[in-house]
Amino acid sequence: MKTPNLAVEIGPLRLENPVLLASGTCGYGAELADLVDLDAVGGIVAKGISLEPMPGNPPPRTVETPCGLLNAIGLENVGLQAFLDEKLPRLRRFRARVIVNILGSRPEDYAALAERLDGAGGVDAVEVNISCPNVKAGGAAFGTDPAAAAAVTRAVRRVTRLPVIVKLSPNVTDVTEIARAVEAAGADAVSLINTLLGMAVDLEARRPALSTVFGGLSGPAVKPVALRMVWQVSRAVGIPVIGIGGIASARDALEFLVAGAAAVQVGTATLVRPGTAVEVIRGIRDYLAARGLSAPADLRCP
Amino acid sequence: MKTPNLAVEIGPLRLENPVLLASGTCGYGAELADLVDLDAVGGIVAKGISLEPMPGNPPPRTVETPCGLLNAIGLENVGLQAFLDEKLPRLRRFRARVIVNILGSRPEDYAALAERLDGAGGVDAVEVNISCPNVKAGGAAFGTDPAAAAAVTRAVRRVTRLPVIVKLSPNVTDVTEIARAVEAAGADAVSLINTLLGMAVDLEARRPALSTVFGGLSGPAVKPVALRMVWQVSRAVGIPVIGIGGIASARDALEFLVAGAAAVQVGTATLVRPGTAVEVIRGIRDYLAARGLSAPADLRCP
Amino acid sequence: MTVAAPARFDLDAPVLDHRPVAPGIHELTVEAPGVAAAARPGQFCMLAPAAADARDPLLRRPLSIHRVADGGRVVFLYRVVGRGTALLAARRPGDLVRVLGPLGRGFTPGAGPAVLVGGGMGIAPLLFLAERLPAGHGHAVVLGARTAAELPGLDRFEAAGHRLLVATEDGSLGEKGLVTGILEGLLEEAAGGDGPALFACGPWPMLRAVREAAAAKRLPLQVSLETRMACGVGLCLGCAVPRPSGEGYHHVCREGPVFDAEAVSWEAPPP
Amino acid sequence: MTVAAPARFDLDAPVLDHRPVAPGIHELTVEAPGVAAAARPGQFCMLAPAAADARDPLLRRPLSIHRVADGGRVVFLYRVVGRGTALLAARRPGDLVRVLGPLGRGFTPGAGPAVLVGGGMGIAPLLFLAERLPAGHGHAVVLGARTAAELPGLDRFEAAGHRLLVATEDGSLGEKGLVTGILEGLLEEAAGGDGPALFACGPWPMLRAVREAAAAKRLPLQVSLETRMACGVGLCLGCAVPRPSGEGYHHVCREGPVFDAEAVSWEAPPP
Ligand SMILES: Cc1cc2nc3c(=O)[nH]c(=O)nc-3n(C[C@H](O)[C@H](O)[C@H](O)COP(=O)(O)OP(=O)(O)OC[C@H]3O[C@@H](n4cnc5c(N)ncnc54)[C@H](O)[C@@H]3O)c2cc1C
Ligand SMILES: Cc1cc2nc3c(=O)[nH]c(=O)nc-3n(C[C@H](O)[C@H](O)[C@H](O)COP(=O)(O)OP(=O)(O)OC[C@H]3O[C@@H](n4cnc5c(N)ncnc54)[C@H](O)[C@@H]3O)c2cc1C
Ligand SMILES: Cc1cc2nc3c(=O)[nH]c(=O)nc-3n(C[C@H](O)[C@H](O)[C@H](O)COP(=O)(O)O)c2cc1C
Ligand SMILES: Cc1cc2nc3c(=O)[nH]c(=O)nc-3n(C[C@H](O)[C@H](O)[C@H](O)COP(=O)(O)O)c2cc1C
Ligand code: FES
Ligand code: FES
């Protein structure tokens with residue numbers, strides 16, 4: 001029986017295994033180094049960074065939902081400079097690949113971030129979070145408009161040779177349209193999904209439970225929507241697809257591989273059980289070995 | 001302490017209480033008459049009917065998901081004639097209002113259904129399911145395009161004076177755009193949400209779990225998305241909003257009333273516990289009474 | 001066929017007894033007098049642990065009625081397969097189980113001799129049928145499993161008073177082989193007379209094999225089918241199995257789970 | 001301030017004891033030696049019933065460490081409020097509870113006398129602090145609740161050896177009124193010396209009142225704050241409370257839950 005080879009290529013980015021920690025659920029790595037073996041995960045996607053630090057939203061920022069979590073963190077982050085000076089040095093020492101998630105309100109912001117990261121040693125890829133409001137377009141997220149998504153992708157593509165992964169928003173009528181647009185604009189891969197836009201109600205107070213009314217839904221509840229979008233997008237583009245959304249076990253991850261994902265990210269599950277990603281890797285290896293399969297890609301449904 | 005008055009007006013449709021059974025989860029009423037007091041619910045929305053009978057999809061048609069259910073029933077229904085001859089006579093004898101959910105592949109289909117129902121005694125309203133593929137537009141659902149949604153609404157509006165409730169699809173970038181379009185086209189009310197498009201994987205077989213690959217996601221998992229859309233739409237249109245999506249308890253229903261719904265529908269929860277809708281009504285009454293509130297509308301968050 | 005709508009109940013039933021009876025197989029006894037009184041062999045219930053806010057697993061699970069007994073007892077025999085049955089298996093006497101039933105159309109035995117054929121967990125509903133058929137009328141019960149340890153409740157089958165024949169794939173009890181082997185022999189014995197009516201419940205390949213044997217001898221056969229069931233009460237339309245004509249579908253939870261073999265499409269993939 | 005990262009553990013801890021100690025209030029003892037050894041007063045753990053596939057409720061619940069004891073015992077004192085605590089309350093000795101901890105920054109008592117002030121379930125972490133403070137050093141403990149029945153564990157507080165003063169809103173035990181009344185009296189007694197350091201945990205109005213009393217007498221005060229916590233381990237950034245400066249937020253699970261009163265924004269709505 002062959003030992004499975006878990007290494008996967010996401011365009012020019014090579015991962016030792018197909019499991020990454022999702023942005024916003026693993027800080028900048030060091031925060032969970034005592035609870036998770038960061039040499040064992042394929043990659044770490046750092047908390048999204050912006051050019052300037054952002055304080056985030058007023059509380060309440062989180063609320064539990066059926067099989068899920070609603071968050072309105074508000075993209076709180078230390079900003080690019082502090083990331084480069086204080087976070088990246090520690091993050092790059094782990095064996096996991098370092099993927100830096102970037103966010104902005106104009107394509108120029110994304111480009112400025114990508115350019116600085118391009119020159120910074122230790123960064124293996126950028127993940128472009130286009131679920132942010134496009135300030136020039138009245139606040140609709142970049143990721144809801146193919147032209148805006150392509151503009152951000154092009155701006156980043158022009159200034160870096162790092163692998164560029166564009167992270168898609170699920171809150172759209174046709175996610176394949178956005179995926180094709182960013183592929184044409186030069187993305188090396190796409191990752192999906194980001195959170196679903198949702199809301200919870202504080203019944204006692206008779207008002208929204210989150211300070212910002214709406215928040216992003218994640219966790220097992222969203223897995224069926226995420227799987228559907230991974231299936232659709234992996235059949236619509238030629239670039240690799242990274243699947244995200246409700247993965248809490250090896251079985252969940254394997255389902256995403258069947259649906260067409262080349263790799264997966266574990267998000268909310270890390271908040272609940274930090275060791276989840278490492279268990280997922282072990283489970284994928286055991287599953288492939290037990291069936292005499294040699295690689296994650298063998299699972300993909302034709 | 002005042003006794004709360006649970007009666008609500010959905011445009012020209014008056015309900016004795018704000019709780020209805022959702023289409024596709026209560027058959028044509030008689031199927032659950034022994035398990036549910038159909039004189040106690042405010043309304044019954046019958047399984048969607050088409051002009052001609054439809055056999056539905058091959059199995060597998062359902063699969064359980066985290067806090068949810070994926071269904072690919074395929075709009076199986078007895079067709080308009082059998083509905084009028086065999087189902088409606090029994091359905092109209094219950095105290096609940098009778099709302100007939102209609103579906104088609106062209107606006108003319110919807111109009112033909114509405115016209116026949118307009119003349120049929122015992123029908124209190126039509127609910128227009130626009131989540132069906134628009135055959136002339138390459139199969140995209142009517143409900144994903146404001147112009148198509150408006151065309152269906154107008155076609156129905158022209159041929160009936162019955163209250164017209166248009167049921168919105170959540171699988172869109174901007175549900176308020178669709179809502180405004182159907183309001184302008186003459187809808188008396190909107191109901192939302194229909195199911196979220198999703199997928200599940202049969203891992204042992206390494207292929208989709210449903211015969212049609214994709215299906216509709218319902219149940220508690222979708223509640224945060226449904227609440228968000230009810231909030232958005234109730235602030236975007238002047239017509240009443242009926243909230244649907246994951247309601248399984250009185251607390252859930254009350255959250256929808258806070259979010260802006262004038263009434264609610266209970267769907268998947270009836271499949272799990274048929275008595276749910278009646279418990280919801282009792283719970284709403286108790287909640288209002290305990291707080292000295294006189295009507296469901298008193299809960300709405302400004 | 002018009003039949004007065006049978007009574008169905010939805011209640012929180014107290015667990016009276018719950019015990020493992022074979023590796024991975026449990027026997028659950030609840031107190032549900034209305035269900036017990038109305039139940040017919042071949043019917044099933046939809047079960048879930050009673051927990052007010054439980055949302056995951058969301059759906060109840062279908063289990064055949066294994067037998068009913070005095071005091072309003074309803075007994076189920078089931079294998080732990082996944083999360084739903086695992087959670088049920090944790091219910092202790094005194095705990096509550098939500099029971100919705102009795103559901104579906106069960107077996108309709110005629111006047112003549114019957115042969116009951118069961119494999120795997122398909123033996124579960126056959127005990128109820130066996131106990132309702134009067135002894136001494138030439139009925140027979142043929143049960144099969146992989147191994148002797150997976151044939152729980154044989155003592156009750158014996159007590160029902162019919163000829164009892166057992167087959168195990170590994171030969172650890174009764175004949176070595178499948179139930180179809182025993183069935184062939186039984187049907188040979190009965191050749192020349194009217195022949196028995198057959199009632200089968202078990203894995204799809206077993207049902208197909210029994211159907212071939214029945215068709216060859218033109219014997220009536222009723223089979224109990226299994227599909228995924230979201231509701232079990234005829235509301236969702238999910239439990240579809242194709243009709244032989246190719247036109248449309250039966251619904252297993254309301255037209256079945258017991259069907260005349262002729263109403264079943266045997267070319268279709270297993271439900 | 002740089003401190004070596006304290007040890008945190010994530011384990012399935014066996015329940016050793018679990019008992020109601022007051023109406024709706026339970027005391028849970030688990031075996032978690034690493035946690036017990038590393039724990040400091042004021043720290044907390046994130047708990048959930050151990051169930052491999054449990055997805056709803058999704059998140060663990062934060063509970064303060066009430067005390068630690070020999071044999072690696074970690075003890076929690078909690079009120080059943082909603083689904084999470086109700087499910088925890090059902091765990092019996094031998095069952096497993098997933099425990100992640102010890103978490104956060106606890107109380108840092110100084111050299112001088114301390115006054116511990118607790119209300120409602122805020123008394124939970126104060127026992128641990130009281131047991132770690134040596135008796136006979138002029139420390140005092142002031143506890144309040146609505147009624148005597150909601151002051152569990154008073155015997156252990158007494159055994160800690162400090163002056164113990166109790167207030168109940170209905171007067172069923174100790175003074176009738178709020179802890180702030182007792183506190184005023186205590187602080188009057190101590191007037192003229194350096195004054196004690198205050199450590200408070202309880203409902204937001206109580207914390208505000210204690211803070212006013214402390215500020216009036218320029219006494220140092222540490223408060224334990226409560227916010228909704230999705231993760232409890234510093235990853236989600238959800239546990240934000242505003243900084244007094246109006247610039248940005250503290251995170252209660254990693255910079256707290258214990259804060260110097262001066263680092264807290266007292267104008268903000270209760271967390
Ligand atoms: C009418 C009927 C009667 C049955 N009677 C019995 C019985 O007496 N004893 C017994 O051991 N089993 C019986 N089964 C099968 C039993 O329902 C399944 O083993 C059980 O639902 C598995 O649930 P789970 O959560 O443990 O497994 P999971 O695999 O986690 O279930 C996931 C989902 O798939 C469904 N599912 C999985 N396997 C089956 C299956 N074989 N049949 C139907 N649905 C399935 C579950 O109901 C659930 O919705 C019967 C099935 C039907 C349809
Ligand atoms: C650091 C810290 C220490 C705590 N220590 C104790 C303790 O020792 N004893 C005790 O009885 N309680 C303590 N609490 C409060 C306790 O966490 C909540 O009562 C509990 O989370 C309620 O969960 P539930 O599922 O039962 O209620 P639900 O209302 O169903 O909970 C729903 C969600 O809201 C959160 N939530 C609800 N109330 C609170 C609250 N007051 N604080 C934080 N989150 C809440 C839950 O964690 C959950 O995520 C502490 C809270 C924090 C933040
Ligand atoms: C608390 C929290 C913070 C997040 N922050 C970010 C972020 O900064 N950038 C981003 O692209 N996605 C962010 N996400 C989205 C996740 O990376 C992921 O796409 C989503 O949560 C779905 O995956 P999951 O269900 O496994 O959590 C965040 C999610 C959560 C729960
Ligand atoms: C089995 C099933 C069948 C359904 N059939 C229809 C239908 O025929 N027409 C329709 O408009 N909606 C249909 N729906 C959607 C429901 O009416 C409802 O919008 C959706 O399930 C969300 O509500 P819930 O979470 O309470 O179930 C169906 C849902 C289910 C689960
Ligand atoms: S399982 Fe729902 S109709 Fe049969
Ligand atoms: S609760 Fe997640 S960072 Fe504090």
Side-chain angles (χ1 to χ4, degrees), chain A residues 63 65-70 140-141 143-145 169-175 178 196-203 205-209 213-217 219-232 246 248 250-252 254-259 287 291 298-302, chain B residues 63 65-70 140-141 143-145 169-175 178 196-203 205-209 213-217 219-232 246 248 250-252 254-259 287 291 298-302:
Chain A
V63 61
T65 67
C67 281
L69 170 67
L70 260 180
T144 62
D145 172 43
S169 161
N171 302 302
V172 293
T173 304
D174 185 354
V175 68
I178 314 295
L196 278 168
L197 193 63
M199 177 185 162
V201 167
D202 178 340
L203 187 55
R206 282 183 231 154
R207 60 170 184 245
V213 181
F214 299 155
L217 180 66
V222 309
K223 191 178 71 160
V225 176
L227 279 170
R228 182 263 294 185
M229 292 191 171
V230 164
W231 176 280
Q232 288 180 312
R251 289 189 69 88
D252 293 332
L254 292 160
E255 292 172 6
F256 275 82
L257 299 178
V258 169
Y287 186 90
R291 287 157 188 76
D298 293 347
L299 285 164
R300 179 170 169 153
C301 179
Chain B
V63 61
T65 66
C67 281
L69 170 67
L70 261 181
T144 62
D145 172 44
S169 161
N171 302 302
V172 294
T173 304
D174 184 355
V175 69
I178 314 296
L196 277 168
L197 194 63
M199 177 184 161
V201 166
D202 179 339
L203 187 55
R206 282 184 230 154
R207 61 171 184 244
V213 182
F214 299 155
L217 180 65
V222 309
K223 189 176 74 157
V225 177
L227 280 170
R228 181 264 292 185
M229 292 191 170
V230 164
W231 176 281
Q232 287 180 314
R251 287 190 70 87
D252 294 332
L254 291 161
E255 292 171 7
F256 275 82
L257 298 178
V258 169
Y287 185 91
R291 285 155 189 76
D298 291 348
L299 284 164
R300 180 169 169 155
C301 180

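Chain letters run A, B, ... following the sequence lines, proteins first, then strands; residues in each count from 1.
- Counting only heavy atoms from C-beta outward, the side chains of B:P220 and A:C67 never approach each other to under 4.5 Å.
- Contacts with chain B were tallied for A:L197, A:N171, A:V172; A:L197 has the most, counting heavy-atom pairs under 4.5 Å.
- The contact between B:L217 and chain A is made entirely by side chain atoms (from C-beta outward), counting heavy-atom distances below 4.5 Å.
- Interface check for chain B: of the options A:D202, A:L299, A:L257, the most heavy-atom pairs under 4.5 Å are formed by A:L299.
- Between chain A and the residues B:P224, B:A259, B:A248, the most heavy-atom pairs under 4.5 angstrom are made by B:P224.
- Heavy atoms closer than 4.5 Å to chain A are found in the side chain of B:V213, but not in its backbone.
- Interface check for chain B: of the options A:L254, A:V222, A:L203, the most heavy-atom pairs under 4.5 Å are formed by A:L203.
- Contact of B:R251 with chain A is made through backbone and side chain together, with heavy-atom distances under 4.5 Å.
- Using a 4.5 Å cut-off between heavy atoms, B:L70 contacts chain A through its side chain alone, with no backbone atom that close.
- Atom CG of B:L227 sits about 10.0 Å away from atom OG1 of A:T65, to the nearest 0.5 Å.
- Per-residue heavy-atom pair counts under 4.5 Å with chain A were compared for B:G68, B:G215, B:G246, B:P208, and the maximum is reached by B:P208.
- Each of B:K223, B:M229, B:R206 has some count of heavy-atom pairs under 4.5 Å with chain A, and the biggest count is that of B:R206.
- For B:V258, the part sitting under 4.5 Å from any heavy atom of chain A is the side chain, from C-beta outward, and nothing else.
- The contact between B:Y287 and chain A is made entirely by side chain atoms (from C-beta outward), counting heavy-atom distances below 4.5 Å.
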